[in-house]
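Chain A is the first sequence line, chain B the second, and so forth, proteins listed ahead of strands; every chain is numbered from 1. Note that these values count all heavy atoms, side chains included, but never hydrogens, waters or copies made by symmetry. Fair warning: this is a prediction, and the values are worked out from it, not measured in the lab.
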Number of protein chains: 2
Amino acid sequence: MKLNEAKEKFIQTWGSLATSWGINRTMAMVHALLLVSENPLSTDEIMEALVISRGNANMNVRELMDWGIVKKELKMGERKEYFVADKDIWNVFKQIVKERRKRELEPLVSSLEELRQIDDKTADSKEFLKLIDNLSGVTSKANVLLDLAIKSDENWLMNKLLKLL
Amino acid sequence: MKLNEAKEKFIQTWGSLATSWGINRTMAMVHALLLVSENPLSTDEIMEALVISRGNANMNVRELMDWGIVKKELKMGERKEYFVADKDIWNVFKQIVKERRKRELEPLVSSLEELRQIDDKTADSKEFLKLIDNLSGVTSKANVLLDLAIKSDENWLMNKLLKLL
DNA sequence: ATAAACTTTCATTTTTTTTTGAAAATACAA
DNA sequence: TTGTATTTTCAAAAAAAAATGAAAGTTTAT
């Protein structure tokens with residue numbers, strides 16, 4: 001297999017995996033493209049490489065920057081903006097975990113708290129509250145696991161975990 | 001807030017959360033409905049409660065069974081099928097993690113292995129291989145974390161992790 | 001100020017995903 | 001077997017999500 005073939009395959013793989021995780025296919029492809037590029041790419045280069053429109057390229061690059069895994073880079077003497085992906089994959093992983101937690105786990109936690117406010121005390125209600133409590137429990141356990149993944153140093157974490165198993 | 005109101009809110013919340021995780025909204029709503037129901041529900045009851053078609057109800061219940069978080073239940077003397085959700089949320093969590101790993105992480109691992117088969121040895125190629133290796137590394141670390149979540153008993157896990165932090 | 005280079009927005013179009021519902025298949029009873 | 005209850009399938013319709021591209025906005029140079 002040739003390098004460019006492999007790179008293209010990687011971009012496709014990344015793209016289709018993303019869809020199963022509720023992430024826009026193109027956004028993942030832009031990310032993959034930047035990951036396999038030696039040099040920072042301009043919007044025009046992204047458009048050309050992935051055959052997408054300017055609007056699409058712009059939106060997705062911007063969103064990748066929102067996620068904190070792509071950075072803008074300016075070249076001296078040039079007006080155009082260039083983009084680079086964070087190549088430290090462990091870092092990318094942590095960043096994504098952190099963001100998703102903020103965007104999804106936190107809203108869930110407050111929803112569950114709201115749902116606890118039911119004012120009757122029938123057996124059904126107690127059953128329902130038990131369910132909500134169990135959900136809260138699992139949520140906070142997931143939180144601990146994620147904290148572990150995020151806050152700790154990569155090697156330290158792995159050593160400890162491997163010892164545990 | 002009344003109980004039924006809370007239940008409905010829960011079903012909606014669960015549904016909209018699911019979409020950010022690449023899970024069909026209706027499937028999540030059926031799951032939530034079964035979670036908050038005291039009794040097993042028939043397809044007709046699900047259709048009525050969520051205002052969805054028979055085909056849709058059937059497909060999603062079937063998929064929930066594929067995920068291993070909903071079970072069929074037969075009532076004696078009745079031909080109709082009834083469905084119950086596993087109410088042990090920690091179990092549900094583990095089951096979903098297990099399934100997603102099988103469906104998504106394993107294919108990723110083999111994709112990455114394929115991508116390692118590039119036959120030139122330029123500096124660019126080496127760079128690319130480094131990226132693939134880093135991805136493999138993070139993947140297997142995620143695997144260890146997930147194993148930890150799945151294989152261990154709930155309380156044991158939490159004790160250990162809390163001690164670590 | 002004017003213009004050129006570039007980025008962002010967003011109404012419209014296209015694509016993808018989900019839902020419907022009627023027909024086909026299946027299971028059971030008489 | 002024949003009929004009835006129930007589940008499953010799947011082509012077509014509807015809904016949702018994503019992409020386009022031209023116009024508007026911004027920034028910098030002259």
Side-chain angles (χ1 to χ4, degrees), chain A residues 11-34 39-67 70-84 103-104, chain B residues 11-34 39-67 70-84 103-104:
Chain A
I11 293 169
Q12 299 303 330
T13 302
W14 212 233
S16 60
L17 233 141
T19 47
S20 12
W21 286 88
I23 290 161
N24 179 299
R25 165 189 254 87
T26 305
M27 179 172 140
M29 286 169 71
V30 172
H31 184 220
L33 173 64
L34 292 175
N39 314 308
L41 298 183
S42 67
T43 301
D44 287 275
E45 290 168 317
I46 294 169
M47 286 166 64
E48 198 194 327
L50 300 180
V51 197
I52 60 176
S53 71
R54 182 172 304 283
N56 199 6
N58 181 267
M59 295 257 284
N60 283 299
V61 161
R62 209 150 36 77
E63 185 145 20
L64 285 166
M65 290 194 293
D66 275 356
W67 280 83
V70 161
K71 293 263 177 296
K72 205 180 274 191
E73 200 168 296
L74 299 174
K75 291 193 182 180
M76 50 180 187
E78 277 207 63
R79 209 134 138 194
K80 218 178 280 189
E81 295 177 336
Y82 288 79
F83 305 95
V84 252
R103 295 174 191 205
E104 289 137 22
Chain B
I11 292 169
Q12 299 303 329
T13 302
W14 211 233
S16 61
L17 234 141
T19 48
S20 15
W21 286 89
I23 290 161
N24 180 297
R25 165 189 255 87
T26 305
M27 179 171 141
M29 286 169 73
V30 172
H31 184 219
L33 173 65
L34 292 174
N39 314 307
L41 298 183
S42 67
T43 301
D44 287 275
E45 290 168 318
I46 294 169
M47 285 166 65
E48 198 194 326
L50 301 179
V51 198
I52 58 176
S53 71
R54 183 172 304 283
N56 200 5
N58 180 267
M59 296 254 286
N60 284 299
V61 161
R62 210 150 35 77
E63 186 145 19
L64 285 165
M65 290 196 291
D66 276 357
W67 279 82
V70 161
K71 293 263 178 295
K72 204 180 273 190
E73 201 167 293
L74 299 174
K75 291 193 181 178
M76 51 182 186
E78 278 208 61
R79 222 183 224 184
K80 219 178 282 191
E81 295 177 335
Y82 288 80
F83 305 95
V84 252
R103 295 173 190 205
E104 289 137 22

Would you tabulate the side-chain donor-acceptor contacts of residues 15-22 of chain A under 3.5 Å, counting partners in other chains and residues two or more places apart, or write 'none'?
unit_1: A/Ser16; atom_1: OG; unit_2: A/Gln12; atom_2: O; d: 3.4
unit_1: A/Ser16; atom_1: OG; unit_2: A/Thr13; atom_2: O; d: 3.3
unit_1: A/Thr19; atom_1: OG1; unit_2: A/Ser16; atom_2: O; d: 2.6
unit_1: A/Ser20; atom_1: OG; unit_2: A/Leu17; atom_2: O; d: 2.9
unit_1: A/Trp21; atom_1: NE1; unit_2: B/Glu104; atom_2: OE1; d: 3.1

With A/Arg54 via side-chain hydrogen bond (donor to acceptor under 3.5 Å, both in side chains) - residues at least two apart
A/Asp44
What pattern of brackets, bars and dots sums up DNA chain C from 5' to 3', given Watson-Crick or G-U wobble pairs under 3.5 Å, [ ] for crossing pairs and | for another strand?
||||||||||||||||||||||||||||||
Report the residues that fulfil salt bridge (Lys or Arg N to Asp or Glu O under 4.0 Å) with A/Glu73, sequence neighbours left out, ordered by chain and then residue number.
none
To the nearest 0.5 Å, what is the distance between CG on B/Leu50 and CG on B/Asn60?
9.5 Å
Mind checking side-chain hydrogen bond (donor to acceptor under 3.5 Å, both in side chains) for A/Arg103 and listing every partner two or more places apart, or none if nothing turns up?
A/Glu99
Whole-Å gap separating C1' (D/dT7) and CG (B/Asn60)
15 Å
With the threshold set at under 4.0 Å for non-hydrogen atoms, list the residues of residues 13-32 of chain A touching DNA chain D in residue-number order.
A/Asn24, A/Thr26
Less than 4.0 angstrom between a side-chain N/O of B/Asn58 and OP1 or OP2 of D/dT8, yes or no?
yes
At the 4.0 Å heavy-atom cut-off to chain A, mark where contacts on DNA chain C begin and end, going 5' to 3'.
C/dA4 to C/dT9
Any residue meeting salt bridge (Lys or Arg N to Asp or Glu O under 4.0 Å) with A/Lys72, in chain and number order, not counting sequence neighbours:
A/Glu81
Rounded at 0.5 Å granularity, tell me how far OG1 in B/Thr26 sits from CD in B/Glu63.
11.0 Å
Do B/Val61 and B/Thr43 have side chains that approach each other closer than 4.5 Å (heavy atoms only, starting at C-beta)?
no
Between D/dT7 (P) and B/Glu63 (CD): distance, integer Å
19 Å
Could you work out, with salt bridge (Lys or Arg N to Asp or Glu O under 4.0 Å) as the rule, every residue matching A/Arg62, not counting sequence neighbours?
none
Heavy-atom closest contact (B/Ser53 atom, B/Met47 atom, distance):
O-CG, 3.9 Å
Drop me the distance from A/Glu45's CD to A/Leu34's CG, to the nearest 0.5 angstrom.
10.0 Å
Would you find more than 12 non-hydrogen atoms of other residues, nucleotides or ligands less than 6.0 Å from A/Met27 atom CE?
yes
How long is the line joining CE of B/Met65 and C1' of D/dT8, in whole Å?
11 Å
In residues 44-54 of chain A, what residues come within less than 4.0 Å of DNA chain C, judged by heavy atoms?
A/Arg54
Candidates A/His31, A/Met29, A/Arg25 - the one meeting side-chain contact (heavy atoms from CB on, under 4.5 Å) with A/Trp14:
A/His31
Validation row: B/Ser42, B/Tyr82 side chains within 4.5 angstrom (heavy atoms):
yes
Using atom names, set out every protein N or O paired with an N or O of nucleotides 10-15 of chain D below 3.5 Å, distance rounded to 0.1 Å.
none

Shorter than 3.5 Å, N or O on both sides, protein versus nucleotides 27-30 of chain D: list them out with atom names.
unit_1: D/dT27; atom_1: O2; unit_2: A/Arg79; atom_2: NH2; d: 3.1
unit_1: D/dT28; atom_1: O2; unit_2: A/Arg79; atom_2: NH2; d: 3.3

Which atom of A/Ile11 lies closest to which atom of A/Ala32, heavy atoms considered
CA-CB, 3.7 Å
What is the distance from atom CG of A/Asn56 to atom CD1 of A/Ile46, rounded to the nearest 0.5 Å?
10.5 Å
